[in-house]
Trainee: 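Below: one structure in structure tokens.
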Amino acid sequence: MSESSHINDEPETPAEVSRRTFMAQMTVVAGSLVGIGVAIPVLAGLVPSKDVLDAGKPQWYPLNADEFTQFEQAAADPMKITFTKKTVDGYLVDVGDEYVWGIRMTPDQEAQFKADRPDLFQSSGGAVNYEVPVTYKNIGIVLFSPVCPHLGCRFNWVKDQQIFLCPCHGSTYTKFGKHMLGPANRGLDPLPFEDKSGVAEVTWINYDETTADRIVLSYT
Ligand code: FES
């Protein structure tokens, strides 16, 4: 037997045992810290963001302030007003530009609006059950979704004819969104609007298409 193997066969001293135990414990601690360091970011990535948690709930979006001021002060015709909208699909949040059509009304026009659109001022008690918020009645402003209620194209304002015209299948609507011609089954869809401490905000709604009833599908 060599001298070195003889030395290794010597019983360890208490100090050696203690040092080896300490080193083993430190190895376990270091491994645990590395594991925690990896796990925290991974777990944090699995926690849903507020946008994800709020998906499906009505959201209020501030309208472009300059455009809204211009609309309030000058627009006799319907006007596009833009805002930044979030769309949440699962864990993916997409932020992009969107717009609504704003219509300003004199008191006389407001009376015309109510006469043209009784569907917006009556509660059916059924699936439709959508009433224009009180603010529309008081401040003479209505916001329409830019989505055609027929099959979802974007319609345009034709100034010289004073109508909204959808390029896809030719549906036409009055300035107040009353359906005139074409295959659509209802008038233009309003969007809730409010003035929060001087900031005009809108809620986006996806309505069911083609139905005569105005049915809310989602708020994204
Ligand atoms: Fe507008 Fe068909 S999508 S008329």
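In each ligand, atom 1 is the first atom listed, and ligand 1 is the first ligand listed. Computed from a predicted structure; not experimentally measured.
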Trainee: Before moving on, can you tell me the angle at atom 1 (Fe) of ligand 1 between the SG atom of C166 and the SG atom of C148, to the nearest 10 degrees?
Mentor: 100°
Trainee: Nearest to atom 3 (S) of ligand 1, what protein heavy atom do you find, and at what distance?
Mentor: L151 N, 3.3 Å
Trainee: Supply the atom-to-atom distance M79 CE to W101 CH2, rounded to the nearest 0.5 angstrom.
Mentor: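 So the CE of M79 and the CH2 of W101 are separated by 10.0 Å.
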Trainee: Do L181 and I163 make a side-chain contact, defined as non-hydrogen atoms from C-beta onward lying under 4.5 Å apart?
Mentor: no
Trainee: With heavy-atom distances below 4.5 Å as the criterion, would you say the side chains of L188 and P149 are in contact?
Mentor: yes
Trainee: Within a distance under 4.0 Å of any heavy atom of C153, pick out the atoms of ligand 1 and give their elements.
Mentor: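 Listed by number with element: 3 (S).
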Trainee: Is atom 1 (Fe) of ligand 1 less than 2.8 Å from an N/O/S atom of H169, whether that atom is in the backbone or a side chain?
Mentor: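 No, outside the cut-off.
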Trainee: Checking only N/O/S atoms, does H150 have one that is under 2.8 Å from atom 2 (Fe) of ligand 1?
Mentor: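 It does: H150 brings an N, O or S atom closer than 2.8 Å to atom 2 (Fe) of ligand 1.
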Trainee: Restricting to non-hydrogen atoms, name the atom on E98 and the atom on R154 that form the minimum distance, rounded to 0.1 Å.
Mentor: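 Shortest heavy-atom separation between E98 and R154 comes out as OE1-NH1, 2.8 Å.
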Trainee: For atom 2 (Fe) of ligand 1, does an N/O/S atom of C168 lie at less than 2.8 Å?
Mentor: no
Trainee: May I ask you to test the K175-Q112 pair for a side-chain heavy-atom distance under 4.5 Å?
Mentor: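 Side chain of K175 against side chain of Q112, heavy atoms only: no contact under 4.5 Å found.
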Trainee: Give me the nearest non-hydrogen protein atom to atom 4 (S) of ligand 1 as residue plus atom name, then the distance to 0.1 Å.
Mentor: S171 OG, 3.3 Å
Trainee: Which is it for C153 and C148 under the disulfide bond (SG atoms under 2.5 Å apart) test, yes or no, and what are the steps along the way?
Mentor: CA-CA 5 Å; C153 290; C148 178; over 6 Å; no
